[in-house]
Amino acid sequence: MKAPPFQYHRPQTREELGALLARLDNAKILAGGQSLMPMMNLRVIAPDHLIDINRVANLAGIREAVDSIEIGAMTRQADVLASDLVKSRLPLLTRALEHVGHIQTRARGTIGGSCCHLDPSAEQPAMCAALDAEFVVVGPGGRRIIPAGEWFEGLLQSALGEQEFLEAIRFKPWADGHGYGFAEYARRHGDFAIAGAAALLEAGRDGRITHAALLSFGVEAAPKRLSEAERTLIGQHVDSLDIKPVVAAASALDAMEDVHVTADYRRHLAGVLIRRALNEACTTMRRPS
Ligand SMILES: Cc1cc2nc3c(=O)[nH]c(=O)nc-3n(C[C@H](O)[C@H](O)[C@H](O)COP(=O)(O)OP(=O)(O)OC[C@H]3O[C@@H](n4cnc5c(N)ncnc54)[C@H](O)[C@@H]3O)c2cc1C
């Protein structure tokens, strides 16, 4: 099937992009097209206007600031995966990107596109939630920052306004040597995950946990931080963690049911995967000496 007819626009600057978004009704931004075009070809959506942002200057790139790393919305997933800076400062993101689609889809697909599309099983927005990223958004009122905790409004629904576009995603790296773990289950490599999990840990010199992030994704309509379970880890020794409350929290999520699996199976997976992610985070952690 082919997409229904649409008008094509190709702005070169943020200003032109903003003006098009303000002027056009039923318009969609085209980034890598890896989710948008299949949805148009299947006629799930039928925008009258496509605004191709591939030529907008300076929307791609990975920049390091004093205490943050900013990734432009148009940065290709392949470039994020290949980045040594991301690998050393945001290793969880690199680890997760290995599981996103295929070489071909990562070559076109962008981190911003994935975070705007918001498939519940998408790894990149999920890692943004785990890392407490900030979304830098531009609209008629100027620039605003949306914290990850407010970005996810539901199934395929972000907090982005109709006339706004995502400019960049800002990450605050965890301390050097922090532990990170990632686990997901997909039927075939490159498929969207049926469920997944991530864990981040920091500990003091005495081996006691000082900071923890735990996340399940692909289970509910949006990625879910297990905040209470995170609190139970604080103060525990990394070599003898009581992970029962963590597994119990993931196994109690309000899991989705679909043609692939039942809600019960997804909940079971959520428990298994958070345990694996947490174990990996304990293994990858380098203790401060
Ligand atoms: C075969 C295949 C396998 C895949 N497997 C996976 C997988 O395992 N995991 C995974 O996470 N993804 C997977 N994907 C999806 C892929 O990661 C997409 O690249 C991603 O979801 C969308 O990014 P995109 O740049 O292609 O965005 P597009 O498809 O161009 O756009 C997606 C949506 O975001 C909006 N948008 C894009 N950029 C912006 C912006 N800067 N501001 C505002 N709105 C914007 C668009 O209007 C559209 O609504 C797969 C895709 C395919 C085709």
Side-chain angles (χ1 to χ4, degrees), residues 3 6 8-11 14 17-18 20-22 24 26-42 44-61 70-81 93 95-129 135-139 143-144 146 151 155-169 182 184-196 198 217-218 222-223 260:
F6 55 85
Y8 177 77
H9 309 263
R10 196 163 67 189
R14 285 170 170 71
L17 167 58
L20 285 167
L21 284 169
L24 300 173
N26 192 24
K28 273 279 179 194
I29 284 178
L30 171 69
Q34 299 301 301
S35 296
L36 184 67
M37 294 319 297
M39 286 178 81
M40 287 176 62
N41 289 344
L42 292 168
V44 177
I45 54 169
D48 294 320
H49 301 273
L50 268 200
I51 308 176
D52 180 347
I53 59 171
N54 282 269
R55 299 277 174 92
V56 175
N58 304 323
L59 272 187
E70 196 169 284
I71 305 183
M74 274 304 290
T75 312
R76 308 287 170 191
Q77 294 157 8
D79 293 331
V80 184
L81 180 56
L93 185 56
R95 176 88 176 80
L97 268 158
E98 292 162 2
H99 294 262
V100 175
H102 310 272
I103 289 173
Q104 295 86 343
T105 61
R106 291 195 297 265
R108 291 302 301 167
T110 63
I111 188 168
S114 182
C115 289
C116 291
H117 181 61
L118 285 194
D119 188 288
S121 291
E123 291 86 355
Q124 291 154 97
M127 296 313 107
C128 290
F135 295 87
V136 185
V137 159
V138 178
R143 193 168 272 109
R144 68 184 178 116
I146 305 178
W151 181 253
L155 189 69
L156 302 177
Q157 187 60 54
S158 77
L160 197 68
E162 275 212 349
Q163 296 185 0
E164 289 180 319
F165 65 90
L166 177 63
E167 183 178 53
I169 306 166
F182 177 87
E184 73 169 39
Y185 175 72
R187 289 232 165 91
R188 297 170 305 186
H189 182 75
D191 278 4
F192 274 103
I194 288 176
F217 68 95
H260 302 296

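Both counts, for ligands and for their atoms, begin at 1 and track the order of listing. Only a predicted model underlies this, so the values are computations on that prediction, with no experimental measurement involved.
- Within 4.0 Å of ligand 1, heavy atoms belong to protein residues Lys28, Ile29, Leu30, Ala31, Gly32, Gly33, Gln34, Ser35, Leu36, Ile53, Ala73, Gln77, His99, Val100, Gly101, Thr105, Gly109, Thr110, Gly113, Ser114, Cys116, His117, Ala122, Glu123, Leu160, Phe165, Leu166, Gly190, Asp191, Phe192.
- The salt bridge (Lys or Arg N to Asp or Glu O under 4.0 Å) pairs that include a residue from residues 108-126 number zero, where partners must be two or more places apart or lie in different chains.
- Salt bridge absent: Arg76 and Asp79 never bring a charged side-chain N and a carboxylate O closer than 4.0 Å.
- The aromatic rings of Phe182 and His99 lie tilted to each other, with the angle between the two planes from 30° to 60°.
- Applying the side-chain hydrogen bond (donor to acceptor under 3.5 Å, both in side chains) rule to Arg187 yields no partners; only residues at least two apart in sequence or on another chain are considered.
- In this structure, the side chains of Val80 and Ile71 come closer than 4.5 Å at one or more pairs of heavy atoms.
- Qualifying side-chain hydrogen bond (donor to acceptor under 3.5 Å, both in side chains) partners for Arg144, counting only residues two or more places apart in sequence or in other chains: Glu164.
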